Amino acid sequence: MKIKKYINLSLAALTFVFAACTNDDFSPLKVKEANDAEDLPSGSAAGRTDALVPGNGVMMQAFYWDVTEGGIWWNNVESKLDSWAANGIDAIWIPPISKGQSGGFSMGYDPADYFDFGDFQQHGTVETRFGNRAELENMIGTAHENNIAVIADIVLNHNSGGQLEYNEFRQIETYTLFEPASGLFNRTWLNYLPNAENLKDEGRFGGFPDLDLKNDYVRDWLWQSEESVANYYMNTLKIDGWRFDFVKGFSPDVVKDWIATVGGYSVGENFDGNVEGVVGPWVEASGANAFDFPNFFNMRNAFLNGNLNELVKPSLLSTMPEKAVTFVGNHDTEARDGSNEFPDAFETHAYAYIMSAPGYPCVFYSHYEDSGEEQKAKINQLIQIRSELAAGDWTVNHVSNQEFVATRGGDAEKPGLVLYINLSGEEVSREVQTHWASANIKDYTEEYLIFEQSDASGLVTLKAPANGFAIWAATEDEQLAFPEVLYVPGGYQGWDPSSAPALNAVELPNLAGTFSGHVRFTEASNEFKFTDAPNWDNGIYADAGDGTTGVLASPGNNIVLAGPQDYEINVDLANNTWSANTWAIIGSATPNGWDDPDTDMSYDFDRNVWTVSTTLADGELKFRANNGWDVNLGDTGADGVLDNGGDNIAVTAGSYQIDLDVANNSFTLGNWGVIGSATPSGWDADTNMMYDTVNQVWTITLDLVAGEMKFRFNDDWAVNLGDNNGDGSVEQDGANIAVAAAGNYTITLDLFTNTFTITGN
C-alpha cells in the first residue's frame, strides 16, 4: 500500500458515528485516511454527441445467466447483429464488460477491475468469460454499423476480489484492498462502507464490499472525472448507455448525477413489483428509465393463474409508459431457484402484450435464440407489428379472466391496433369500438387470413383463437384471394404435383381459402401433401402432427389415409384445417346389417355422386361418414331430402345402385336395366338387371331379337348409356347398341370400367 495521510476527527463526532453502527465491535478511532494523491483521477467527464439513442425499436438482452464460457460470447453476439437489426432491434444490453473476481467464469456482477476488458492476467485469466477487448470493440463497432445502441451493464453497489487488509476503521481485516492490474481505480477500506464519514447507504448486496458512492474519490473514478469508468466507456469504448444494476443499493441521486455528467440512455434494475411505493418514486428521483418489474409480475400472475384481470394492475406501463422498459424475462427472473419463472406456454402471449402496449420492449436472448425457430419467427413478427402499427393511447376495452382486449389509438404515422388475447379453449369473438370507420380490418398475426369489416362508426366484430391471440388493425390492402386449386400429390401417384388430382375452390374468387374435391387412393396406406401449384416450388401444406390431426402446417408432415378408398377431402387454408370423408351405407337392409363394417361407397367422378351397387334385403338403411355416427344422413319425412341424424330410409329387397349427392343432400335408390327394340319390352319399358356382388357387375340373361338396345338407370332417360364407337365402351347418351341376331344372351355392365359384354349362350 502507498502511504496515506491522516486527518484528525473530534471524539464527539466519532462517538456519534459509532453509535449509529451496530454491526461491528470496535473502539473509537480518532483519525481517518484519504486516498493517495497520485491515485486521484483528473479532468472532468463529458458525454458523446454521437451516442445512439434507442427507443424507437426493440432492445435485446444479448445474454443470459451463465452464457457459454471460453471467451466466445462477444463474437457470438457480433455474428447476430445484422439479423437482429434487420428484424427491428435498435439496442443491445450486454453484461458487465470488466474482469470479475471469478475470472473466466464470471458473469461480471462481481467486479474487480473496471478497466480490464480481457487485457490483463489476473483472477486466473486474461480474457473475460465473454472474450477480450478487441472482440468487445469489434462487436460494438458492428453494432454501430447496424445503428444498434450498446447498453452496458454497470455494477456500482459492490465489488469482489479484493485482498485482505487491516481495516483501521472497523479494526478487523476486510477484503477491500484492490490493486487492479490495469493500474486504474485503486481502492482500499477507505472507499467502502462503513467508514468514518458514511456508515451505510440504501442497501448492501450479500457479503460483498459495499462501495461508498458518496465518497469523492469513488465518485470521481466511477463517473465524474475524465479518467472515470463512465467517461472511458462512453468516449473510448463508445458505449451508448447504461443499465444500472441493483439500484436499490444506492441513492437515485447517483444515477441522476451520472446521467447529467456523461449522458447516454439509462435504465435501472429496481427488482420490485410495487410501482407506487418503490419503482415509480425511483424513476422520478433518478430521471432514468426502469425495467417494468411490476408489469412483469402482473403478466406472470395473469398467465400463470389464468386471470387476465391481473394485466390491468398498476405498473410503469400504465402510470409512466414513457419510462417503462417492458420485458417477459431476463437473467434476474430465470428460474435458478424456481421463483419468478414465466410460464413457457405463454411467452409469445406476453410478447404480443408488450409489443402492442406502450413502453420500450426488451426481448430476452433465451426466448429468442434458444426457444426454437417457431418462437423466434413469432417474436420477429410481433416486432414488425409493433414497428408498423403500435402508436397512440392505450385503452383497455374489455378484460375478464380469459379475455383481454385493448386498443392503441394510432398517430399520424401508424394506424394503431387492437390486441385480443384469449385463454379459453375455444375461439372467441367480441364487438370492439375502433377509430377505423368502414375499413378492412386485418389480423397481422396471420392467425386469421380473412379480413373483417368495420361499420361507419368503427364498430367491428373481432376474433381470437383458442388459447391464443390476434392483433388487428385497419389496412388499405384488398383481401387477397387464395389459389383456385390445390393439388394432392402422394405416394399413390408418384409424388408428382403436375399429374396429381386437384381440389377446387369452394367459391371464386377464393377469398375464404376453402377447397373441396375427391381423390381415389389406391394403396393400403396412402401418404400425401397439398401444393398450391403443379410443382414443389410454391406453397406446400400437410399435417401439423402425425399425419392424422386435421391441422395444417407448412410444409408439415405427410397426411396418412387408409385405402384403397375414395375420399372427399376438404381444406381450409384460412383456419389451417383439413378433413377427409368416406361414405358408406349401413342398416338392416345392407349386407352387414347394423354391424360394422359399413358397405363402402365409391365416388363417380363423371356424375359427381357417391355410389354403391349391391343387393339389399327388406329393411332400412342410412348413409354414414367415416364409419361413425358423428355424421349420419337419413330422410325425415320421406321427402328425398337428407338430414343429419334423419330417419332411417325404408327399402324393399332387390338389386340397387345407390347414389348419394352430398352437396345437394339428395339420394336415389335405383337399378339398371336394358331397353330397346331387341329387348322383351321394346322401347316401352326396361328389363331390370341384377347386381353380381362377386364380380361387381350388373348382369342379366334373357332372350333378345335382332334390333338395338341401350342401358338405362332407374327407368329414366336422364342416365342412359350407349356405345358410340362399337368398341364395347359405354358413354352417356351414346349410340344404340346393335344386336345382330335373335338368341339367348348374357349381358354385363361394368360401371367401374364403363364397359359391357353381350355373350350368346
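On a predicted model such as this, the values are computed, not experimentally measured, just so you know. The analysis underlying the following values was restricted to heavy atoms, covering all of them including side chains, and did not include hydrogens, waters or symmetry mates.
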*Can you say whether the rings of Trp65 and His331 are parallel (under 30°), tilted (30 to 60°) or perpendicular (over 60°)?*
parallel
*Please indicate whether Tyr109 has more than 12 foreign heavy atoms, meaning atoms of other residues, nucleotides or ligands, lying under 6.0 Å from its OH.*
yes
_Once rounded to the nearest 0.5 Å, what's the spacing between atom CE of Met60 and atom CH2 of Trp84?_
5.0 Å
*Could you verify whether a donor N or O on one side chain and an acceptor N or O on the other, from Asn138 and Trp74, lie under 3.5 Å apart?*
no
*Pair Tyr351 + His367: ring centers closer than 6.0 Å*: yes
*Without hydrogens or angle criteria, can the side chains of Asp216 and Gln224 be said to hold a donor-acceptor pair below 3.5 Å?*
no
*About how many Å separate CZ of Phe63 and CD1 of Ile92, when rounded to the nearest 0.5 Å?*
11.0 Å
*Does Ser366 offer a backbone N or O that forms a donor-acceptor pair with the side chain of Ser371 under 3.5 Å?*
yes
*asked:* Has Asn215 got a side-chain atom pairing as donor or acceptor with Tyr217's backbone, closer than 3.5 angstrom?
replied: yes
*How would you list all residue pairs meeting salt bridge (charged side-chain N to carboxylate O under 4.0 Å, His left out) that involve residues 346-372, not counting sequence neighbours?*
Lys80-Glu369, Glu369-Lys376
*With distance as the sole test, does Asp90 use its side chain to make a donor-acceptor pair with the main-chain N or O of Ala149 at under 3.5 Å?*
no
*Any pair with a residue in residues 96-115 that passes salt bridge (charged side-chain N to carboxylate O under 4.0 Å, His left out), sequence neighbours left out, goes on the list, sorted by first then second residue, please.*
Lys99-Asp116
*asked:* Can you tell me how far apart OH (Tyr64) and CG (Asn330) are? Round to the nearest 0.5 Å.
replied: 15.0 Å
*asked:* Regarding Ser42 and Glu227, do their side chains bring together a donor and an acceptor under 3.5 Å, going by distance alone?
replied: yes
*Would you sort out whether Leu237 and Glu137 count as a side chain to side chain contact (heavy atoms under 4.5 Å, CB included), showing the intermediate values?*
CA-CA 7 Å; Leu237 297 178; Glu137 291 186 310; 3.5 Å; yes
_Heavy-atom donor-acceptor pair, Ser225 side chain to Asp220 backbone, under 3.5 Å_ = yes
_Gln381 side chain to Thr445 side chain, donor-acceptor N/O pair below 3.5 angstrom_ = no
*Provide the closest heavy-atom pair for Ala152 versus Ile239 in the form atom of the first, atom of the second, distance.*
CB-CG2, 3.7 Å
*Does Tyr420 offer a backbone N or O that forms a donor-acceptor pair with the side chain of His398 under 3.5 Å?*
no
*Could you walk me through whether Phe404 and Phe469 pass the side chain to side chain contact (heavy atoms under 4.5 Å, CB included) check?*
CA-CA 9 Å; Phe404 178 88; Phe469 56 87; over 6 Å; no
*Sequence neighbours left out, what pairs pass ring-ring contact (aromatic ring centres under 6.0 Å, His included) with at least one residue falling in residues 309-328?*
Phe291-Phe327, Phe293-Phe327, Phe296-Phe327
_Going by salt bridge (Lys or Arg N to Asp or Glu O under 4.0 Å), name the residues that satisfy it together with Glu202, two or more places apart in sequence or in a different chain._
none
*Sequence neighbours excluded, which residues qualify as salt bridge (Lys or Arg N to Asp or Glu O under 4.0 Å) partners of Glu269?*
Arg243
*Hey, does the side chain of Tyr114 reach the backbone of Val155 with a donor-acceptor pair shorter than 3.5 angstrom?*
yes
_Spacing of CG belonging to Leu389 relative to OG1 belonging to Thr475, to within rounding of 0.5 Å_ = 9.0 Å
*Report yes or no: do Asn301 and Asn307 form a side-chain donor-acceptor pair below 3.5 Å?*
no
*Residues two or more places apart in sequence or in another chain: which of them pass side chain to side chain contact (heavy atoms under 4.5 Å, CB included) with Lys414?*
Ala391, Asp411
_Tell me every residue that passes side chain to side chain contact (heavy atoms under 4.5 Å, CB included) with Glu69, counting only those two or more places apart in sequence or in another chain._
Phe105, Arg129
*Could you list the residues that satisfy side chain to side chain contact (heavy atoms under 4.5 Å, CB included) with Asn87, not counting sequence neighbours?*
Ser83, Tyr368, Asn380
*For Ile259, does its backbone N or O pair with a side-chain atom of Trp223 as donor and acceptor, under 3.5 Å?*
no
*asked:* Test of understanding: with side chain to side chain contact (heavy atoms under 4.5 Å, CB included), list the residues that count as partners of Ala357, not counting sequence neighbours.
replied: Leu317, Trp394
*With a cut-off of 6.0 Å (strictly less than), are more than 12 heavy atoms of other residues, nucleotides or ligands near NZ of Lys313?*
no
*Side-chain heavy atoms of Leu316 within contact of Asn295, under 4.5 Å*: no
*Under 3.5 Å side-chain donor-acceptor pair for Asn191 and Asn35*: yes
*Indicate the ring-plane relationship of Trp472 and Tyr448, choosing parallel, tilted or perpendicular according to the 30° and 60° boundaries.*
parallel
*Does anything in residues 44-59 pair up under salt bridge (charged side-chain N to carboxylate O under 4.0 Å, His left out), and if so which pairs, sequence neighbours excluded?*
Arg48-Asp50, Arg48-Asp240
*Could you check Phe185, Tyr192, Trp221 and say which one makes a ring pair (Phe, Tyr, Trp, His ring centres under 6.0 Å) with Phe178?*
Tyr192
*To the nearest 0.5 Å, tell me how far Thr434 OG1 sits from Leu417 CG.*
11.5 Å
_Distance in Å, Tyr360 OH paired with Arg386 CZ, rounded so as to fall on 0.5 Å steps_ = 9.5 Å
*Is there a side chain to side chain contact (heavy atoms under 4.5 Å, CB included) between His144 and Leu52 once you walk through the steps?*
CA-CA 8 Å; His144 289 163; Leu52 297 177; 3.6 Å; yes
_For Trp93 and Tyr365, I'd like to know if the aromatic rings sit close, meaning centre-to-centre distance below 6.0 Å._
no
*Going through the checks in order, is the side chain to side chain contact (heavy atoms under 4.5 Å, CB included) test met by Ile379 and Val363?*
CA-CA 9 Å; Ile379 294 174; Val363 174; 4.2 Å; yes
*Determine yes or no for a side-chain-to-main-chain donor-acceptor pair under 3.5 angstrom, with Arg204 supplying the side chain and Phe208 the backbone.*
yes
_I'd like to check the salt bridge (Lys or Arg N to Asp or Glu O under 4.0 Å) partners of Lys248; sequence neighbours left out, ordered by chain and number._
Asp272
*List for me each residue that meets salt bridge (Lys or Arg N to Asp or Glu O under 4.0 Å) alongside Glu403, sequence neighbours excluded, and say none if there are none.*
Arg430
*Side chains of Asn309 and Asn401: donor-acceptor distance under 3.5 Å anywhere?*
yes
*Any donor and acceptor pair, going by atom type alone, linking the side chain of Thr125 with main-chain N or O of Glu127 inside 3.5 Å?*
yes
